[in-house]
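Chain letters run A, B, ... following the sequence lines, proteins first and then strands; every chain starts at 1.
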2 protein chains.
Amino acid sequence: MSRSAPDPSRAWQLLVKFFFAQREHLPARGEAFELSPVQCHVLHLIEPERPMAMGRLAETLGCDASNITGLVDRLEDRGLVQRQPSPEDRRIKVIRLTPTGSRVRTQLLRHVTSSARPLSRLSAADQRALIRILERLVDEQ
Amino acid sequence: MSRSAPDPSRAWQLLVKFFFAQREHLPARGEAFELSPVQCHVLHLIEPERPMAMGRLAETLGCDASNITGLVDRLEDRGLVQRQPSPEDRRIKVIRLTPTGSRVRTQLLRHVTSSARPLSRLSAADQRALIRILERLVDEQ
DNA sequence: TATTGTTATACTCTATAACTATA
DNA sequence: TATAGTTATAGAGTATAACAATA
């Protein structure tokens, strides 16, 4: 194994390649639930009993706020989430999972486990290392 | 550190979360080049002097073949790639980088390096570990 | 007949800009 | 004035289905 300085761009390229290559198997596609990748991601992000303001959602998704309106519209039409005006600041609307949304979220997370085959092929040590590194990356920003 | 069996779905969740969280910084967005994420990915995938059939591109991107037509149309309109009918099988068209496309690809890869800051924050050992694990994942499918 | 790529269609995601309601 | 969310608009990505050219 090389001990020379690692190349961060190499990791980026691999991450992008892996992510795109796995999209078809990626539970985030949520084909079984007829949900788009972004819709799945939103369902991951909003935990039951922990509603999120629409603006916060835009920040987290890294997209313009105007997109959230349609995104939430579609999720609301399907009965997965609900808009609630914030009592403190009536400009703000928070998004809350409905009981159905909460149930679908649980199924989705369960589905992830059964579809994570390529990751399961890693050794236990590698899986632990990957999780540790990713946790560091996700928390650190 | 826990020694219990690692949870592959945890790694998936983290990967998805990380990927979405980083999209705004992700060079794959290629804002500097006015390229969409998928267009950037195609430019990564097609190496200079190694043209790729449209069908192969659809497979690699994991999308329906009908999308490739428009995708390649837009790249062709911008002078980044060229369609060439295959001499052996005239149903097949291969996509080749133009000199401009090749140049943009190089700039894009260079841009990756300078934007990979969140990954640079990892220790050298973690970076090496991440690259090793990802290489295993990408090759293993 | 089967395969490669295209076209037509419809929907989702995305950004920008102008707008409304609230602070 | 500034902020949160909406609307209008335009363009890109995506899937399905029907099609043409080629094998």
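When atom types are taken as modelled, the side chain of A/T100 and the backbone of A/L80 share no donor-acceptor pair closer than 3.5 angstrom.
When the P atom of D/dG5 is taken as reference, atom CD of A/E76 falls 13 Å away, rounded to whole Å. Straight-line distance from the CD atom of B/E34 to the P atom of C/dA15: 14 Å, rounded to whole Å. Straight-line distance from the CD1 atom of B/I95 to the C1' atom of C/dT4: 12 Å, rounded to whole Å. Taking atom CG of A/N67 as the reference point, atom P of D/dA12 lies 16 Å away to the nearest angstrom. When rounded to the nearest whole Å, the span between CD1 of A/I68 and C1' of D/dT7 equals 15 Å. Taking atom CG on A/D77 and atom C1' on C/dC11, their separation rounds to 13 Å, with Å as the unit. Rounded to whole Å, atom C1' of C/dT4 lies 17 Å from atom CD of B/Q84. Per the geometry, CG belonging to A/D73 stands 14 Å off C1' belonging to C/dC11, to the nearest Å.
In this structure, the side chains of A/Q82 and A/I95 stay at 4.5 Å or more apart for every pair of heavy atoms. B/I92 is not listed as a side-chain neighbour of B/P85, based on a closest heavy-atom distance of 4.5 Å or more.
In this structure, A/Q39 and A/A65 both approach DNA chain C, and ranking their closest nucleotides by distance from the 5' end singles out A/Q39.
Here A/L71 lies in heavy-atom contact (under 4.0 Å) with sugar-phosphate atoms only.
Using modelled atom types and a 3.5 Å distance limit, the side chains of A/R90 and A/S86 yield no donor-acceptor pair. When only modelled atom types and interatomic distance are considered, B/R96 and B/Q84 share a side-chain donor-acceptor pair under 3.5 Å.
Within the structure, a side-chain polar atom (N or O) of B/S36 is placed less than 4.0 Å from OP1 or OP2 of D/dG13. Between D/dT6 and A/R83, a contact under 4.0 Å exists linking OP1 or OP2 to a side-chain N or O.
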Whether each nucleotide of nucleotides 17-23 of chain C has a protein heavy atom under 4.0 Å at its base (B), only at its sugar-phosphate (S) or at neither (-) is summarised, 5' to 3', as B----BS

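In this structure, of D/dG5, D/dT14, C/dC13, it is D/dG5 that holds the atom nearest to the side chain of A/I92. Nearest nucleotide to the side chain of A/K93, out of C/dT14, C/dT6, D/dG5: D/dG5. Nearest to the side chain of B/R74, among D/dA12, C/dT7, D/dG5, sits D/dA12.
Contact check on B/E34 versus B/R78 returns no salt bridge, with no Lys/Arg side-chain nitrogen under 4.0 Å from an Asp/Glu carboxylate oxygen. Using a 4.0 Å cut-off between charged nitrogen and carboxylate oxygen, B/R132 and B/E135 do not count as a salt-bridge pair.
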